[in-house]
Every structure is written in C-alpha cells, then in structure tokens.
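Following: one structure in structure tokens, then a few remarks.
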Amino acid sequence: MTKTLPHSVDPQTGKRYWLIKSEPLSRIEGKDQEVAYPLSNLLTNSFTTWDGVRNHEAKNHMLNMSLGDYCLFYHSNCPHPGIVGIVEVCKEAHPDHSQWELGNKYVDPKSSHDSPRWWCVDVKFNRRLKSKLTLDILRADPELAEMALVKRGRLSVTPVRTEEFLRVLQMEKESALKDDLDCEIPRDLIDIVS
DNA sequence: GCCAACGTTGGC
DNA sequence: GCCAACGTTGGC
C-alpha cells in the first residue's frame, strides 16, 4: 500500500476537505445489521462514528482528518447518487471497535487491541445542500475532472482539494438558482423523493 | 514479489 | 440483478 500524505489545507479556513459515501436506502447485511445511513439520521443523532470502513486507503484518509474538517456527504447505491450535504469531523481518528465485536460483519480476526488495523472518525451534521449535486452533474463539470470521486469511483473516503470544494459550493448555488425557476418540490423533500 | 482467484463496491 | 473496476489474499 502506498503511504499517503494529506492534501493541503484551505488557507482561508485552515481546514481540509473530504468526501464520504453512505447508502441512504435501508439494506440489511448478515443477520440484522443495517448498513444504510442517510444524512437525515444526523438530524436526530448529534454525531455518528464512521466505522466499518475496511479499505486501507480510505482508513488512511481518516487518519489524516483533523477536528473541524468538512466532509461532503455523498449518497451512493440509490437511484440518483450524489452529494447531499456537509458534515464536520467532531472527533479525530480512534480505533474502530467493530473490528473486535464478535458477530459484527466488520470483525477482523487479524486485529488486536494492541495494534488496531482499522480506525474511524466521528462526524456531525453541518448542513444539507440546497440542491443535490448528482454524480452526473459532477462528472459533467470540467473543473471536477480530477476529483477523486470521479477518478476513483469505488473508494468510500476521498480527499477533496480546496478548489474542488469551492467549485462544489459554487455549483450548489447555480443549481439552487435553477431549482427556483423550474422545481416545485419543497426543498426538504428533494432527498426523500429522489 | 508475482499474479490468479476471489471478494467488494456501486453505477447502471 | 449484472458486471466492470479494483482491492485483497495466498500459493508459489
């Protein structure tokens, strides 16, 4: 595995930006483990632990996250995958306890408490995007052609460069303006109906 | 260290 | 549900 260095912080905010993927639609794995975690869950839970990531590259990105960093929140494995909101790192990397939980689908027999293999961060809600930015829209934008989400489709935690993050916010603004003109669906329902 | 087999992700 | 992409595993 290649050692990763974090991308640079936004000089304006001192933050790094990332993208994390989650499935919004209920899906049970194994006996009874719900794997879905829609952004709306973070409206009722004050934070969530981003555990269950079992890819070393994704894990390394989480090890590089700092308190206060922003993560674009992406809904995958659904009819219209895309970025739906922003969450904030509220606890830096700590061992992912699911690796030691008997019966957990993420258990890793090779991992010991002395040297954990898997790590996670906690994130809390920041805000919803005014309008979902679908993968189609993101892929069609030349300024996002190098974005890890586009180039490394299967990685569930990816870095986002400052200029990419700002571009996403700009696209949100443009897209929301368009919604005002031709979308009758109340904002709060957009995620639900999609 | 190579690489075939296998497993997983996630768009479609 | 299919399957391409790609990461991981393990035999050699």
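Letters A, B, ... mirror the listed sequences (proteins, then strands); counts begin at 1. Just so you know, these numbers come straight off a predicted model, no measurement behind them.
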query: Can you check whether A:Tyr74 has a side-chain N or O nearer than 4.0 Å to OP1 or OP2 of B:dG11?
result: yes

field: Nucleotide nearest A:Asn55 (side chain, heavy atoms from C-beta), chosen from B:dG10, C:dT8, B:dG11
entry: C:dT8

Please report, to 0.1 Å, the donor-acceptor pairs under 3.5 Å made by any side chain of residues 44-51 of chain A, with sequence neighbours excluded.
from	atom 1	to	atom 2	distance (Å)
A:Thr44	OG1	A:Asn41	O	3.1
A:Asn45	ND2	A:Tyr37	OH	3.1
A:Thr49	OG1	A:Asp122	OD1	2.9

- request: Write down the distance between CG (A:Asp136) and P (B:dG10), rounded to a whole number of angstrom.
  value: 17 Å

- request: Nearest whole angstrom, please: distance from the C1' of C:dT9 to the NZ of A:Lys110.
  value: 7 Å

- prompt: Out of C:dG10, B:dC12, B:dG10, which has the shortest distance to the side chain of A:Lys21?
  reply: B:dG10

task: Find the distance A:Leu149:CG to B:dG11:P and express it as a whole number of Å.
output: 8 Å

- request: Round to the nearest Å and state the distance from A:His75 atom NE2 to B:dG11 atom P.
  value: 12 Å

query: Hey, do the aromatic rings of A:His61 and A:Trp119 have their centres closer than 6.0 Å?
result: no

task: Calculate the interatomic distance between A:Arg139 atom CZ and B:dG11 atom C1'; express it in whole Å.
output: 7 Å

- prompt: Across the strands shown, which category fits A:Arg27 at heavy-atom distances under 4.0 angstrom: base, sugar-phosphate, nothing?
  reply: nothing

statement: A:Arg54 atom CZ is separated from C:dT8 atom P, nearest whole Å, by 13 Å

- prompt: In this structure, are over 12 heavy atoms from other groups packed under 6.0 Å from A:Glu34 atom CD?
  reply: yes

message: Looking at A:Glu146 and A:Lys151, is there a salt bridge between them, counting it only when a charged N and a carboxylate O are closer than 4.0 Å?
response: yes

- prompt: Between C:dT8 atom P and A:Tyr106 atom OH, what is the distance in whole Å?
  reply: 15 Å

- prompt: Listed by chain and number, what are the ring pair (Phe, Tyr, Trp, His ring centres under 6.0 Å) partners of A:His94, not counting sequence neighbours?
  reply: none

- prompt: A:Glu88 side chain to A:Lys124 main-chain N or O, any donor-acceptor pair under 3.5 Å?
  reply: no

- prompt: Name the one of A:Val53, A:Leu72, A:Val87, A:Val121 that satisfies side-chain contact (heavy atoms from CB on, under 4.5 Å) with A:Ile20?
  reply: A:Val87

For nucleotides 1-6 of chain C, tabulate all protein N/O to nucleotide N/O atom pairs closer than 3.5 Å, reporting atom names and distance.
none

task: Report the distance from atom OH of A:Tyr37 to atom C1' of B:dG10, rounded to the nearest whole Å.
output: 21 Å

